[in-house]
Amino acid sequence: MPELPEVESIKNLLSTGGPDWPPLVGKTIAAAQVLWQRTLATPTPKQFSRQVVGQAIKTIERRGKFLTLVLSRDTLLIHLRMSGDLQMEPKMRPIAPHHRLFLELDNGWRLALNDPRKFGRVWLTDQPNTVLGKLGPEPLDDAFTPEALYQRLQARHRQLKPLLMDQSFLAGLGNIYTDEALHLACLHPLTLSNQLTLEQTERLWASLRAILQEGIRLNGASIDWVYRGGEFQNYFRVYQRTGEACPTCGTPIQRTTVGQRGTHFCPTCQPAPT
DNA sequence: CACGAGACCTGTTCGC
DNA sequence: TGCGAACAGGTCTCGT
């Protein structure tokens, strides 16, 4: 499900609390349970409970699509993958069918990872860099400049869309925001990375940041039954708009497959590379 | 190195 | 109505 803007929205929601639930930061973990073993990447479920209980949640951060809960001693890393969601609920509520792991807090609330497809993963470690270390730059960081992007693009010989979705190239983009950014930048998803001019790179850089910022401002995108509260789905330019008019030129949006992912683009605004 | 296919999973939607 | 196929916001591993 979630890409950078959705994870950022969940982070904000959890750290400040919402209308119906208290903030997570400052609470202490009183109990933990793993309901689907493979959800836990490390350590073993038994170790996990023993190790996590008693630790306080100091801060919540985001790196790429990872949520990082900084605890008293360790770091809890959460990746929601395709269908994961985090929910705060009273600890007396019955365990929902798709809950895979939960933490009980010392205030009567429970943080649950709900994940129908079971792809989500959780790590408890005192060395978060072993998991996060391979990630590429944060697209919204000051350090991520058009020149930095140009250098990275030129160093590779790859199709633009799969490269942008490669988390070691750039952290946080997924299928939606990549399609949206490429459309805004007027670049075809199959363009080869080292064929971009500096000017095209600047346009791509600005588009990536604009689309991600818009996504965050709208609290992410809510599609289907997974993750609620976002509004960005109402502003998609091309994603899931096959056959509809391009917002720029009116040409029907086309859908194709690139790197085994559904890909949406405007054949007029985003001409195929030669 | 670059790329495609298959795996991991369940649920929804589409076409016949 | 029923049923199988296709598809879904992600990532890993393997083979070419």
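Between A:Phe265 and A:His188, the ring center distance clears the sub-6.0 Å criterion. Note: A:Trp123 and A:Phe66 meet the aromatic proximity criterion, with ring centroids under 6.0 Å apart. Aromatic rings from A:Tyr177 and A:Tyr239 are positioned such that their centres are separated by 6.0 Å or more.
Rounded to whole angstrom, the span from the CG atom of A:Leu77 across to the P atom of C:dG10 amounts to 19 Å. In this structure, A:Tyr177 atom OH and C:dG10 atom C1' are separated by 15 Å, rounded to whole Å. For A:Asp166 and C:dG10, the CG to P distance is 13 Å, given to the nearest whole Å. What separates CG of A:Leu153 from P of B:dC1 is a distance of 16 Å, to the nearest Å. As rounded to whole Å, 9 Å separates atom C1' of C:dT11 from atom CZ of A:Phe66. For A:Asp179 and C:dC7, the CG to P distance is 15 Å, given to the nearest whole Å. Here the P atom of nucleotide B:dG11 and the CG atom of A:Asp85 are 16 Å apart, to the nearest Å. Between A:Leu173 atom CG and C:dT11 atom C1' the separation is 15 Å, expressed in whole Å.
The cationic atom of A:Arg110 (NZ for Lys, CZ for Arg) lies less than 6.0 Å from the six-membered ring centre of A:Phe102 and within 45° of the ring axis. Both tests do not hold together for A:Arg156 against A:Phe169: distance to the six-membered ring centre under 6.0 Å, angle to the ring axis within 45°.
When the P atom is compared between B:dG6 and C:dA5, the two are found 15 Å apart, to the nearest whole Å. If you take atom P in B:dC9 and the same atom in C:dG2, they sit 30 Å apart, rounded to whole Å. Going from the P atom of B:dG11 to that of C:dT1 covers 22 Å, rounded to whole Å.
In this entry B:dC9 has no Watson-Crick or G-U wobble partner, no candidate having both defining distances under 3.5 Å.
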Which letters describe nucleotides 2-9 of chain B, given B = protein heavy atom under 4.0 Å from base, S = only from sugar-phosphate, - = neither? SSSBB-BB
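Counting only N and O atoms by type, the side chains of A:Arg237 and A:His183 include a donor and acceptor under 3.5 Å apart.
No more than 12 heavy atoms of other residues, nucleotides or ligands sit less than 6.0 Å from atom CD of A:Gln37.
Phosphate proximity of C:dG10 to A:Gln167: absent, as no side-chain N or O sits under 4.0 Å from OP1 or OP2.
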